[in-house]
Amino acid sequence: MCGLIGYVGRRADRNVQEVLLDGLSSLEYRGYDSAGMAVSNSSLAVYKREGDLSALEGALPDEPLDGVAGIGHTRWSTHGSPSDANAHPHTDCTGRVAVAHNGIIDNYRALRESLETDGHEFDSETDTEVIPHLIESALERGDDAETAFRWAIDRLEGSYAVAATYAGHETVYAARNRSPLVVGIDDDGYFLASDVPAFLEYTDAVTYLDDGHVASIRPSGVEITDERGACVDVSVETVEWEPEDAGKSGYEHYTLKEIHEQPRAIRNCLRGRPQELTGDVSIDALEDVERPDRIQFVACGTSYHASLYGARLFRERSVPATAFLASEYDADAVPVDDGTLVVGVTQSGETADTLRALRDANRAGATTLAVTNVVGSSAPRETDHAMYIRAGPEIGVAATKTFVTQQVALAMLSSGLTGERSREVVAALRDLPDRIQSVLDESRARTIASEYAAADAYFVIGRGYSAPVALEGALKMKEITYKHAEGFPAGELKHGPLALVTERTPVFAVISRDSNAETMLGNVNEVASRGAPVIAVTDASEAVAADVDHVLRIPETHRRFTPILANVQLQLVSYWMANQLDRSIDKPRNLAKSVTVE
Ligand code: M6R
């Protein structure tokens, strides 16, 4: 989705244009189809281009733009096709004010009609362009820059993170409503962004804007005011991520780097939580949460697959638990009371569908918990409790290390909230990073990927704890190889999907020694007898080898965690297949990292 960056500063060694370009390049992973920037001096210099950042860079003058304040934007089209005219920033009729915006202005048609009646001329098809024209009307009435910005923002309905800069001013104004916006604070400069990686190379000191607050960012400092204009005291937090976490560290793709970071990510996720001596799990900030009567998970995409896994863990511990696709969750249609815990699982903490579901759950009287990766994002700010998965920044659009840390976090949550004491489980959790490392070191996934990269479609099957991983394995294949792939609980095959199985549809079967090996082998034989090549992902290679074409081995672990290891093999197969097919692995077509519209 769209990315936003702003910078105000006077450092001689830090040119505004360069800071904005660096920020835009760090935001590329969110997905975009055009980019632009505006730098304020005595007049506004606005450059924007359809296409990737190189198109924008090609359009900029040889000499860097001169100025103290600027805003930049990567656009992912919603209103109007990708084009130079629809790219942000947008300006008013006089070119005095430039605005960049993430989100959707629901009432833009009515605003545009009224502005056009008043004589304003629009250059784009976007919802965003109403904002500079609203500001222009207020300036014409005699409002000062800040008052005009506030007045315009007050007219907007919808979700937005907005940044504006004016010709002849050294200020960037910003406001948000249900869309992320974070301010970065350095000794001699101030940043504004939709996402921390945009300025992480300059500063790790941040403050998060609340809905309704307005930030005025000047070379002399940042002032944050509430709806009535009164100054707000804000706390400055330190982001624990390192700038190199957001780099590729020599890997060809972020996605491969992030797959290889999984042992470290899990160690971070576990830090201080499982207690080896007693076998229990204590989760910081959740000490006062009691065992719930029932749990409802709300999540999308990969996070939904982690939730399916989490719900099963709770059910096994005798807590009724259901995972809902957040976009389908209706708090009025399911039992919700004060014994209900609604858990939003969301890497970004900004997914619009998940936030909507959590808000409904809050309204219905549930206790709410966010399981997220991003400190300060909307989900933990809007829920009663938060648990961080501590995966570090994930730049690849396809979730990899955040899925595995979501699974580990939910495994700990299920032990922690149900008071489980099991040294066996805790020891298995502790061993997971080494087990994953051995999968990474010894995987034959690359060979399998090259053997089957030309197939028509792929199926991934699993049972019990492995069924969610079958869904996730197929999602990863779709996302980064652009090949058709479907995941099924293996028992469902013969109820329909078997009709699609041919000798050109390889089937990946996750087979766990401790839980379902024999039944799974029955399902394997169903597809093998229709000619499909079968690749077993298993900790029982000797037992299954005779029934399948290939084995991708995983080490033994507690049966709850077998799917965590199996998933790593499936990630590697998808990655190497996509690599062989020369796909845009880190930024798959049509996809965005953070989906901030419903
Ligand atoms: O940030 P979230 O975890 O809420 O994102 C949810 C989905 O958009 C996300 O998991 C998506 O499915 C990923 N691209 C999967 O790789």
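Numbering of ligands and ligand atoms starts at 1, following listing order. Remember, it's a predicted structure, so these values are computed and weren't measured experimentally.
The heavy atom nearest to atom 6 (C) of ligand 1, considering only C300, G344, G301, A352, is found in C300.
Nearest non-hydrogen protein atom to atom 8 (O) of ligand 1 is V595 CG2, 4.1 Å. T302 N, 4.1 Å is the protein heavy atom nearest to atom 9 (C) of ligand 1. Nearest protein heavy-atom contact of atom 1 (O) of ligand 1 is S348 OG, 2.7 Å. For atom 5 (O) of ligand 1, the nearest protein heavy atom (residue, atom name, distance) is T351 OG1, 3.4 Å.
Taking a cut-off of under 4.0 Å to the non-hydrogen atoms of E479, the atoms of ligand 1 that pass are 13 (C), 14 (N), 15 (C), 16 (O). Listed by number with element, the atoms of ligand 1 under 4.0 Å from a non-hydrogen atom of A399 are 15 (C), 16 (O). Atom numbering of ligand 1 starts at 1 in the shown order; those under 4.0 Å from a heavy atom of Q347 are 1 (O), 2 (P), 3 (O), 4 (O). Residue S303 has at least one heavy-atom neighbour below 4.0 Å for each of these atoms of ligand 1: 2 (P), 3 (O), 10 (O). Close contacts of ligand 1 with K476, meaning ligand atoms under 4.0 Å from a residue heavy atom, involve 15 (C), 16 (O). When each atom of ligand 1 is checked for a heavy atom of A398 under 4.0 Å away, the hits are 16 (O).
Contact check on E442 versus R553 returns no salt bridge, with no Lys/Arg side-chain nitrogen under 4.0 Å from an Asp/Glu carboxylate oxygen. Salt bridge absent: D33 and R589 never bring a charged side-chain N and a carboxylate O closer than 4.0 Å.
Note on ring orientation: taking the six-membered ring where Trp is involved, the planes of F324 and Y329 are perpendicular (angle over 60°, cut-offs 30° and 60°). Relative orientation of the H73 and H88 rings is parallel, given thresholds of 30° and 60° on the angle between their planes.
Note that the OG atom of S327 and the CZ atom of R356 stand 7.5 Å from one another [nearest 0.5 Å]. Atom-to-atom distance recorded for L565:CG and S438:OG is 7.5 Å, nearest 0.5 angstrom.
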Salt bridge (Lys or Arg N to Asp or Glu O under 4.0 Å) between E382 and R359, worked out: CA-CA 8 Å; E382 296 192 21; R359 286 176 193 132; 2.6 Å; yes

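Checked by distance only, ligand 1 and T354 stay at 3.5 Å or farther apart across all their nitrogen or oxygen atoms. Considering backbone and side-chain N/O atoms, Q406 never comes within less than 3.5 Å of an N/O atom of ligand 1.
Both the sub-6.0 Å distance and the 45° axial angle are not jointly satisfied by R559 relative to the ring of Y465.
The shortest heavy-atom distance from E350 to ligand 1 is not under 4.0 Å. Taking 4.0 Å as the cut-off, V397 counts as a neighbour of ligand 1 on heavy-atom distance.
Annotation: side chain of V510 is in contact with side chain of L570 (closest heavy-atom distance under 4.5 Å).
Ring centroid separation for the pair H550 and Y452 comes in under the 6.0 Å cut-off.
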